[in-house]
Amino acid sequence: MPIVLKCHVGVGPKIRGRALVADDNFSARYDLDRIRGVFSRPQHKLAGQSYRDVVLVLNTAKGGVASAWMLHEMKSRGVCPAAILLNSANTILAQGAALADLSLCDRFEAGDVTELIRKGDDVEVEPLAGKVTILNR
Amino acid sequence: MQLSDEERTMLAGELGEARKWAIEHQLRVGAMFDAKDMVKVSQAHMMADPESLGEAGVCFVEGLATGGAKVTIPMITDPRGVDLSYYEPLGQTEAMAGLERRFISACQAMGIMMTDTCINYQTIMPPVFGDHVAYGDTGVVIYSNSVCGARSNFEGGPSALAAGLTGRTPRYGLHLNEQRQATKRFTVERTPKDLMDWGILGATVGRMAGGYWQVPVIEGIETAPTSDQLKHFGAAMASYGSTPLFHMVGVTPECHTIEDVGGDRLETRPITTNDLADLARPFGARGETVDVVVFAAPQLSLVEMGQVAALCDGRRRSENTDLIVCTPTQVYSDAKRLGYVASIEAFGGKVLVGTCFYQQYAREIGEANGWKRLLSNSAKIVNILGGYGFLPALANMEACVASAEKGKVV
């Protein structure tokens with residue numbers, strides 16, 4: 001029986017992918033090697049792991065405004081997460097996702113999304129419906 | 001969202017494709033944050049370096065410009081990624097410079113003023129109390145909200161551009177009174193001394209505050225800080241916490257008393273000496289060789305340029321250590337006239353104009369120049385550059401110059 005998680009209305013299209021999860025935060029500038037498509041900040045809990053085509057599940061956004069352009073640039077090269085799910089997005093990630101047409105959701109009713117979703121879960125994200133479904137449980 | 005007649009006209013495309021894109025973008029973002037309507041803004045400020053934009057971003061902006069887009073309010077820009085008068089010696093490529101040139105050309109065609117600064121509140125036209133603006137660069141936003149009492153969310157490049165085209169932004173977040181009330185209360189035991197100390201305090205508060213929607217209020221600051229001190233304090237807080245607004249009791253304009261921002265209802269968290277030491281600990285490197293000393297993030301004010309120049313006078317950097325200083329063109333002309341640039345250059349330093357180090361393809365210039373160990377007095381820049389392959393370290397301005405002279409961290 002799939003698990004349905006309600007969240008705030010987000011931005012971007014309906015997508016499906018495998019989850020990559022950490023209780024850590026996100027900035028495209030601070031944390032990523034965007035050419036290789038991996039987390040490059042040594043202190044990040046996902047350091048060394050690829051973020052390409054995954055549903056990235058993290059706590060919140062941090063850092064600066066560069067992520068807004070960077071999500072668009074990453075999407076144009078196809079070296080990009082399939083979606084980003086956060087407990088709390090900031091304005092920058094929302095703006096960047098809107099330009100890039102990248103799926104982004106936050107504010108999950110059932111609690112901490114980094115605990116609700118596990119690494120490797122098969123996840124369907126429907127931002128405009130405010131809904132994320134874990135299909136494998 | 002409730003739209004005015006003019007906004008509906010934009011949405012229908014009757015005022016051009018660019019403004020149609022802009023307001024559609026704003027509606028998508030506004031929906032995510034439950035905006036009920038739009039608010040007119042007096043200025044826009046866009047962060048857009050070529051590393052962030054990439055080919056896709058430059059093409060996007062060129063497309064708007066080619067379609068005849070024009071901004072409708074004064075719109076200015078954050079630092080550039082390439083100093084076009086000095087990029088080959090830094091190891092930047094012609095391709096990087098080419099992207100930069102194309103972006104500048106597109107912006108100018110749209111009527112954007114290429115001010116190339118992240119300290120516009122010190123150099124161009126500071127916003128005033130209650131002024132709704134659409135600013136990019138987190139340091140610009142936190143200073144404008146907190147010190148000036150203006151109202152802006154973090155507006156990433158695409159959204160700042162949209163605001164420039166429509167003259168408005170969705171009314172959510174810090175445009176609303178209720179979002180400006182304090183949510184976290186901190187007490188400082190000792191007022192910081194130098195710019196690095198202010199940055200460490202700001203970073204500590206930002207890390208504890210924990211996110212964009214938190215508003216820290218700080219008590220215990222004994223005397224009014226300078227603009228440069230609050231600049232480093234806010235920039236570091238925004239960097240560590242993605243924090244767009246702070247209040248400082250008796251200092252910032254919305255917070256004459258703790259009650260003004262609702263802080264009296266909050267439990268106080270003291271900021272201890274240990275908290276500050278914990279923040280700084282990963283950036284200690286005493287005795288280690290240093291490849292490059294950087295003064296940037298934010299760009300230096302004229303006062304900071306004078307301070308660095310005075311420290312450089314009569315000294316010379318080590319052959320093994322470079323010194324980079326980033327300042328906006330508005331400051332550079334005065335700094336040159338006053339002899340500050342000459343002092344820094346006589347030391348062996350290089351002043352880059354209209355750029356900021358971490359926005360200049362930091363990974364590539366680090367590799368091209370063999371820079372690994374980087375020393376700065378900016379708590380913001382050391383937070384950013386670990387992800388770019390640097391080993392960043394913190395020291396105050398005096399120690400930074402002394403370290404550049406000795407070739408190792410003093």
Side-chain angles (χ1 to χ4, degrees), chain A residues 7-12 25-36 38-44 47 59-79 86-101 104-107 127-128 130, chain B residues 24-34 46-49 51-57 59-60 78 135-141 153-162 172-174 206-207 210-213 238-242 244 282 358-359 362-363 380 383-389:
Chain A
C7 59
H8 195 278
V9 168
V11 296
N25 302 323
F26 180 78
S27 162
R29 189 192 290 279
Y30 289 36
D31 295 328
L32 307 183
D33 181 334
R34 289 172 293 114
I35 303 302
R36 294 171 55 222
V38 297
F39 281 83
S40 59
R41 182 182 180 81
Q43 295 81 14
H44 200 283
N59 181 33
T60 188
K62 68 180 177 194
V65 301
S67 296
W69 285 121
M70 285 178 173
L71 293 183
H72 178 251
E73 192 275 336
M74 290 154 59
K75 183 85 182 282
S76 76
R77 288 184 292 111
V79 185
L86 300 169
N87 283 316
S88 173
N90 70 354
T91 62
I92 295 301
L93 289 187
Q95 296 159 4
L99 179 69
D101 202 26
L104 172 73
C105 292
D106 75 343
R107 287 164 280 176
L128 298 184
Chain B
E24 285 176 347
H25 172 83
Q26 293 179 318
L27 289 174
R28 277 197 293 273
V29 175
M32 183 153 179
F33 297 116
D34 304 314
M46 176 169 56
M47 178 273 161
D49 61 60
E51 181 202 342
S52 307
L53 288 157
E55 178 69 26
C59 284
F60 175 77
D78 209 35
Y135 280 173
D137 188 286
T138 56
V140 170
V141 173
N153 288 307
F154 286 172
E155 299 274 11
S159 289
L161 183 53
Y172 66 87
L174 296 176
R207 192 162 68 171
Y212 186 84
W213 306 100
S239 175
Y240 276 80
S242 196
Y358 74 92
Q359 293 173 301
R363 184 184 309 280
K380 173 176 178 171
N383 187 35
I384 295 172
L385 287 177
Y388 278 94

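So that the names make sense, note that chain A is the first sequence line, chain B the second, and so on, each numbered from 1.
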Do [X] and [Y] have side chains that approach each other closer than 4.5 Å (heavy atoms only, starting at C-beta)?
X: A:His8; Y: B:Asp34; result: yes
X: B:Phe60; Y: A:Leu99; result: yes
X: B:Met32; Y: A:Thr91; result: no
X: A:His72; Y: B:Leu53; result: no
X: B:Trp213; Y: A:Ser88; result: yes
X: B:Glu51; Y: A:Arg34; result: yes
X: A:Gln43; Y: B:Pro282; result: no
X: A:Val11; Y: B:Val29; result: no

Say whether A:Arg29 and B:Tyr388, considering side chains only, have a donor N or O and an acceptor N or O under 3.5 Å apart. yes
If you round to the nearest 0.5 Å, how far is CZ of B:Phe33 from CG of A:Asp106?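 Answer for the CG-CZ pair, A:Asp106 versus B:Phe33, is 6.5 Å.
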Atom OG of B:Ser159 and atom CD1 of A:Ile92: how far apart are they, to the nearest 0.5 Å?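 So the OG of B:Ser159 and the CD1 of A:Ile92 are separated by 7.0 Å.
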Checked A:Ser76, A:Ala89, A:Gly130, A:Ala28 vs chain B; the most non-hydrogen pairs under 4.5 Å come from A:Ala89
Is the backbone N or O of [Y] less than 3.5 Å from a side-chain atom of [X], with the two atoms forming a donor-acceptor pair by type?
X: B:Gln359; Y: A:Ala66; value: no
X: A:Trp69; Y: B:Met47; value: yes
X: A:Thr60; Y: B:Gly211; value: no

Counting only non-hydrogen atoms closer than 4.5 Å, does [X] touch chain B with its backbone (N, CA, C, O), its side chain (CB onward), both, or neither?
X: A:Leu32; value: backbone
X: A:Asn87; value: neither
X: A:Asp31; value: neither

Closest heavy-atom contact between A:Gln95 and B:Phe154? NE2-O, 3.0 Å
Would A:Tyr30 and B:Ser239 count as a side chain to side chain donor-acceptor pair (under 3.5 Å) if you check the C-alpha gap in whole Å, the side-chain angles of each, and the deciding distance to 0.1 Å? CA-CA 10 Å; A:Tyr30 289 36; B:Ser239 175; 2.7 Å; yes
